[in-house]
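A quick note: this is a predicted structure, and the numbers were derived from the prediction, not measured. Below, all heavy atoms of this structure are taken into account, side chains as well, without hydrogens, waters or symmetry copies.
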Amino acid sequence: MTVLEVDNIKAGYGDTEILHGVSCRVEEGEIVSIIGPNGAGKSTLMKAILGLLKPSEGRIIFNGRDITGKDPDQIVKEGICYVPQSDNVFPSLTVDENLEMGAFIRKDNYKKRMDEIYQIFPDLKEKRKTKARKLSGGQRQMVAIGRALMLDPKLLLLDEPSAGLAPKLIQMIFDKIIKINQTGISILMVEQNARKALEVSHRGYVLAMGRNRFEDTGEALLNNEEIGKLYLGE
């Protein structure tokens, strides 16, 4: 089943068009990565999917429903959650309080879901009463992802989840992404660490200059010589 289908989206900022007809899809249970050089339109695509930018053309279909142009709060209620690259935690709040903020639209008791998130991120359980500003970069990223998971999303959007992290923390974050996916959540990820992203992805897309350049399985993209030279530093 196709969870997300982005069809020929055009979007940008003011009079500047960044995406010139980009398409992608995410199937149920997949991890899909979007890679490409800076300025390719990767984060712009994420913002268009979440409704932070209104596409000028094209359609975005989620779980069979057209969500094109809907406001972000409506899209979140549909079952999509987004973890931005920066400013993604409340630094003055504790880990517990950050997770509680993620449950703001839940009508039921969210404590069970919080316990499940602490099972995914056991390091956070020990820090649950610690303010987020006192956490390491990797721990803050775990809090940001955990907060998004509080709503039991069908699709998780991750924008540069490994940005600014030390190498051992990068591996830890990607291990957690695999674990989250194994719980049944589909994931669409934008990532500058293209090799790591493709290693954990079922499929991937390469964007360049706001257009689709390549699409294939993660393994095939990793083994593509042209992609290796252009985007993987080989």
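- Among I180, L188, V190, I177, the single residue meeting the side-chain contact (heavy atoms from CB on, under 4.5 Å) criterion with L158 is I177.
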**Message:** Q119 vs D115, test: side chain to side chain donor-acceptor pair (under 3.5 Å). Steps then yes/no.
**Reply:** CA-CA 6 Å; Q119 288 174 19; D115 289 341; over 6 Å; no

**Request:** Walk me through it: do I105 and K77 pass the test side chain to side chain contact (heavy atoms under 4.5 Å, CB included)?
**Result:** CA-CA 8 Å; I105 64 170; K77 289 175 183 176; 3.7 Å; yes

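- Side chains of N193 and S162: no donor on one and acceptor on the other come within 3.5 Å.
- Although no hydrogens or angles enter the test, the distance criterion places a donor-acceptor pair under 3.5 Å between the side chain of H202 and the main chain of I31.
- A donor-acceptor pair under 3.5 Å links the side-chain atoms of Y205 to the main chain of R25, judged by distance alone.
- Residues N88 and Q141 bring a donor and an acceptor atom of their side chains to less than 3.5 Å of each other.
- The existence of a salt bridge linking D216 and R203 is excluded, since no basic side-chain nitrogen approaches an acidic carboxylate oxygen closer than 4.0 Å.
- Between the side chain of R140 and the backbone N or O of L135 there is at least one donor-acceptor pair closer than 3.5 Å.
- With contacts defined as side-chain heavy-atom distances shorter than 4.5 Å, the pair E191/K42 does not qualify.
- Panel note: side chain S23, backbone N8; a donor-acceptor pair is recorded below 3.5 Å.
- Applying side-chain contact (heavy atoms from CB on, under 4.5 Å) to V3 and the options E27, E30, E28 leaves one that passes, E28.
- No more than 12 heavy-atom neighbours from other residues, nucleotides or ligands sit within 6.0 angstrom of CG on D87.
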**Request:** Check the pair R106, D152 against salt bridge (Lys or Arg N to Asp or Glu O under 4.0 Å), reporting the backbone distance first and the verdict last.
**Result:** CA-CA 10 Å; R106 290 188 75 128; D152 286 313; 3.1 Å; yes

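- In this structure, the side chains of Y13 and K47 come closer than 4.5 Å at one or more pairs of heavy atoms.
- At a threshold of 4.0 Å, the pair E97-R147 does not count as salt-bridged, since none of the basic side-chain nitrogens sits closer than that to a carboxylate oxygen.
- Between E116 and K111 there is no salt bridge, since no side-chain nitrogen of the basic residue lies less than 4.0 Å from a carboxylate oxygen of the acidic one.
- The existence of a salt bridge linking K70 and E78 is confirmed by a sub-4.0 Å separation between a basic side-chain nitrogen and an acidic carboxylate oxygen.
- Side chain of K54 to backbone of G69: a donor-acceptor contact under 3.5 angstrom is found.
- The backbone N or O of L93 lies less than 3.5 Å from a partner atom in the side chain of N98, making a donor-acceptor pair.
- Although no hydrogens or angles enter the test, the distance criterion places a donor-acceptor pair under 3.5 Å between the side chain of S201 and the main chain of A197.
- Using a 4.5 Å cut-off between side-chain heavy atoms of Ile, Leu, Val, Met, Phe, Trp and Tyr, with links allowed through other members, L4 and I61 fall into different hydrophobic clusters.
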**Request:** With side chain to side chain contact (heavy atoms under 4.5 Å, CB included) as the test, would you mind laying out the steps for M189 and F174 before giving the verdict?
**Result:** CA-CA 11 Å; M189 169 172 54; F174 281 110; 3.7 Å; yes

